[in-house]
Amino acid sequence: EADPPLRLTPLQKLTVDMCKDEKTIKELIIGRRVGFYKVRGEIGYGTFSRVKLAFHALTRDKVALKILDRMRLDAQAQRLLSREISSMESLQHPNVVRLYEVVETPSRLYLVLEYAGGGDLHNRICNEGKLSDSISKITFAQVLSAIKYMHNINIIHRDLKAENVLFTISGCVKVADFGFSTRVSNCNNALDTFCGSPPYAAPELFRDDCYLGPPVDIWAMGVLLFFMVTGTMPFRAETMGKLRRCIMECSYTVPPWVPGPCQRLIKGILKAAPSERYAVDQMLGCDWLLPVEFPWALVPPEPASPPQSPGS
Ligand code: ADE
């Protein structure tokens, strides 16, 4: 594919003038770029997006570049998304993927995200089987602290699943896609515009009187916890209809070998009525998590400062 014509901003011009390293200048000018980032191979994809690995052309910092095609979003979704994205840039939590910056072109939106290079929880469990009790605790506690932070500022994930729980190389948990899923897809309509992944969907998502609040995320955390400690999903069926019935009837069985305190936590979360479901603080105080100190004290967070552009 031909490279797009080079149009440098005044800052980029200044940087190129200042930069004595010819190879870097060449890389800035030749090759696929988004802003200051050199784009590499695809590392993931979603309903509305693709994710590519990218490097800052000068600092070499790795980032994940989430690419959204404007064509696939209606005008309302685009407006909401742009607004949402700018507020996401101020979000900072050690267990939430940081949004460093947004690059906009007429046809695309590029989200420059913190890179989590340790894979995702779904692949990890598929490849290695269930997590040990202690790893489950540390992982779950970090997801929980991310959810607590976001719920406190009224952001609901609505697409929490093992695929969105990423790890850094050092094993720190980073929840991805926070805040976008609610805006990109229309969750207030019936199930034909179903947001999120059906096996993680709370019973209220299948009802007409749907109240799609924070308990939707709490339910998904119950599914996630079940998946982590057993290596299997609590609700499985060959058809969507059967899955829906399973979830609405809240019919699942926790294997008897799961430690008692963890069983109690799962049963406190996976309750059909949102009002009866554990709240975040009840989860934080449960017996199973009691031995876990503050998660980011156990796994030191990595510095989450955005890659710096020279001269900024
Ligand atoms: N896939 C999707 N988002 C990602 C991220 N932030 N880091 C690594 N891989 C990803």
Side-chain angles (χ1 to χ4, degrees), residues 32 34-57 59-69 72-73 81 84-104 108-128 139 142-143 145-147 149-150 155-185 195-197 200 217 220 224 227 295-296 299-308:
R32 300 192 64 75
V34 170
F36 265 93
Y37 298 94
K38 283 197 57 89
V39 185
R40 295 283 191 251
E42 195 152 302
I43 51 173
Y45 58 90
T47 322
F48 296 93
S49 61
R50 285 168 298 140
V51 183
K52 292 194 172 191
L53 177 65
F55 292 85
H56 193 285
T59 66
R60 306 245 161 236
D61 280 315
K62 273 184 193 170
V63 292
L65 202 63
K66 184 166 182 166
I67 306 163
L68 291 128
D69 281 320
R72 302 189 62 193
L73 307 168
L81 188 66
E84 181 62 22
I85 283 170
S86 36
S87 66
M88 290 288 298
E89 284 177 286
S90 63
L91 300 179
Q92 286 195 45
H93 186 278
N95 301 119
V96 176
V97 165
R98 274 285 308 270
L99 173 62
Y100 294 136
E101 63 179 280
V102 180
V103 178
E104 298 197 43
R108 285 182 180 159
L109 271 175
Y110 297 89
L111 311 187
V112 182
L113 298 162
E114 179 182 6
Y115 176 65
D120 69 62
L121 182 61
H122 180 83
N123 273 331
R124 181 162 172 181
I125 294 176
C126 289
N127 294 334
E128 296 167 27
T139 306
Q142 291 176 81
V143 176
S145 57
I147 295 287
Y149 172 75
M150 302 306 277
I155 293 180
I156 306 164
H157 194 297
R158 290 187 184 166
D159 194 17
L160 192 58
K161 55 184 172 184
E163 292 88 331
N164 282 335
V165 175
L166 310 181
F167 295 96
T168 63
I169 296 289
S170 63
C172 183
V173 170
K174 302 279 173 180
V175 179
D177 271 0
F178 240 120
F180 303 131
S181 49
T182 56
R183 324 291 153 169
V184 177
S185 53
C195 70
S197 168
Y200 289 85
D217 284 346
L224 203 62
F227 185 44
W296 45 95
V299 184
E302 290 171 358
S305 55
Q308 295 293 304

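Note that ligands are numbered from 1 as they come in the structure, with each ligand's atoms numbered from 1 the same way.
Val51 meets the side-chain contact (heavy atoms from CB on, under 4.5 Å) test with Ile43, Ala64, Lys66; sequence neighbours excluded. Checked against side-chain contact (heavy atoms from CB on, under 4.5 Å), Phe55 has the following partners two or more places apart in sequence or in another chain: Arg40, Leu53, Lys62. The side chain to side chain donor-acceptor pair (under 3.5 Å) search around Glu42 returns none, not counting sequence neighbours.
Here the CD1 atom belonging to Ile147 is positioned 10.0 Å from the CD1 atom belonging to Ile156, to the nearest 0.5 angstrom.
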Where do Tyr37 and Glu101 land on the side chain to side chain contact (heavy atoms under 4.5 Å, CB included) test, with the steps shown first?
-> CA-CA 11 Å; Tyr37 298 94; Glu101 63 179 280; 3.2 Å; yes
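Taking the six-membered ring where tryptophan is involved, the planes of Tyr149 and His93 are tilted, since the angle between them lies from 30° to 60°.
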Can you pull every nitrogen or oxygen pair between ligand 1 and the protein closer than 3.5 angstrom?
residue  : atom  : partner : partner atom : Å
ligand 1 : 6 (N) : Glu114  : O            : 2.8
ligand 1 : 7 (N) : Ala116  : N            : 2.9

